[in-house]
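Keep in mind that this is a model prediction, so the values were computed, not measured. Protein chains get the first letters and strands the later ones, always in sequence-line order, with residue 1 at the start of each.
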Amino acid sequence: MGLLPVEFYQSDAVVSLAQQLLGKVLVTDFPAGRTAVMITEVEAYEGPIDKASHAFGNRKTKRTATMYHSGGCAYIYLCYGIHHLFNIVTAPAGVPHAILLRGGEPLEGIDIMLQRRKMDRLAYRMTAGPGTVAQALGLTTKLDGQSLQGPNIWVEDRGIQITPEQIKAGPRIGVDYAEDHAQWPYRLWLKESPWVSRPR
DNA sequence: TTCTCGATTGTCT
DNA sequence: GACAATCGAGAAA
C-alpha cells in the first residue's frame with residue numbers, strides 16, 4: 001500500500017515490471033486539481049535490444065537522455081506533433097528501459113479530466129490510448145524527467161490485487177516499422193477492463 | 001540548415 | 001476504412 005518507492009523501478013526486467021504496474025494508481029497533482037487513474041494498459045520498451053524503442057542500440061540523444069536516468073522518473077515526448085506520450089522510466093541508471101502508459105480507469109478528478117479532453121460526459125474513450133490518457137492527466141513534455149516520487153506525479157499501490165489470469169499480452173501497436181520486434185508480446189492489459197485502447 | 005517521418009487521434013466517407 | 005493534422009527529433013549535408 002501507499003507510494004511506490006524508487007526501488008520498485010530499479011529492476012531491469014521491464015516486462016515483469018510492466019505486469020506489476022497494472023492495477024496500480026497513477027496520480028497527478030497540478031494547480032487545476034488532483035487526478036488519478038488505475039493503470040489498465042501498458043507497453044514495455046526494452047531499450048538497447050528493442051528496435052521499437054527510441055533508445056535502440058543504446059542510441060543516446062537529447063530527447064532519449066531521460067530514458068537513461070535511474071528508474072522512477074517520467075519520460076514524456078511529443079508524437080506526430082500533437083500527442084504527448086507518457087512513459088515510466090525503469091531499470092538502474094544507464095539502462096534505457098521504459099514503460100508506455102496506454103490506458104487507465106478514472107478514479108479521481110473526473111471533471112478535470114473531462115475538461116482537459118474537451119468532453120461533456122464520461123466515455124471509455126476519455127482515457128483509451130496513450131495520447132488521450134496523458135492529455136486527461138495533464139501530462140506534457142514540460143514534465144519530461146520529473147520524479148515519480150511527487151510532488152506532481154506519483155504511483156500508488158492501493159491494494160488492488162491483479163492475478164496472472166487477469167492479464168492479457170499481445171503485440172504492440174503502431175510500431176510496424178520495427179519489423180519483427182513489433183510482434184513481441186510487450187503490450188499488456190487487464191482482460192476484464194473496458195478502459196483500454198481499442199485493438200486495431 | 002534542410003528534409004523526412006513518427007510508440008496517434010479524430011473526422012469524414 | 002481512409003486520411004489529414006502538426007512539430008520537433010534525428011539524420012544528412
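- Of all nucleotides present, none satisfies the Watson-Crick or G-U wobble test against B:dA7 with each distance under 3.5 Å.
- A:R102 has its CZ atom 8 Å from the C1' atom of B:dA7, to the nearest Å.
- Checking A:I99 against A:R117, the closest nucleotide of DNA chain B that is more toward the 5' end is the one next to A:I99.
- The shortest distance between the side-chain N/O atoms of A:R63 and the OP1/OP2 oxygens of C:dG8 is not below 4.0 Å.
- Side chains of A:Y75 and A:H54: a donor on one and an acceptor on the other come within 3.5 Å.
- Between A:L101 atom CG and B:dA7 atom P there is a gap of 17 Å when expressed in whole angstrom units.
- One P atom belongs to B:dA7, the other to C:dG1, and the distance between them is 23 Å to the nearest Å.
- Under the 4.5 Å side-chain criterion, counting only non-hydrogen atoms from C-beta, A:I162 is in contact with A:I160.
- OP1 and OP2 of B:dA7 both lie 4.0 Å or more from every side-chain N or O belonging to A:Y80.
- As a whole-Å value, the separation of A:H84 NE2 from C:dA9 C1' is 15 Å.
- Counting only heavy atoms from C-beta on, A:L100 has its side chain closest to B:dA7 among B:dT8, B:dT9, B:dA7.
- In this structure, A:Y77 atom OH and B:dC5 atom P are separated by 17 Å, rounded to whole Å.
- Taking only distance into account, the side chain of A:H54 meets the base of B:dA7 through a donor-acceptor pair shorter than 3.5 Å.
- As rounded to whole Å, 19 Å separates atom P of B:dA7 from atom CD of A:Q135.
- Side chains of A:Q135 and A:R116: no donor on one and acceptor on the other come within 3.5 Å.
- Ion pair A:K24/A:E156 not flagged as a salt bridge, since none of the NZ, NE, NH1 or NH2 atoms sits closer than 4.0 Å to an Asp/Glu carboxylate oxygen.
- Put simply, A:T61 has no side-chain N or O that comes within less than 4.0 Å of OP1 or OP2 on C:dA9.
- Separating the CZ atom of A:R59 from the C1' atom of B:dA7 is a distance of 12 Å, rounded to the nearest angstrom.
- The side-chain heavy atoms of A:L137 and A:L101, taken from C-beta on, include a pair separated by under 4.5 Å.
- Using a 4.0 Å heavy-atom criterion, one finds that A:T141 contacts no nucleic acid atom at all.
- Rounded to an integer number of Å, the gap from A:Y177 OH to B:dA7 P is 3 Å.
- Side-chain proximity of A:I82 to the nucleotides C:dC7, C:dA5, C:dG10 is greatest for C:dA5.
- Distance CG (A:L85) to C1' (C:dG8): 14 Å, rounded to an integer number of Å.
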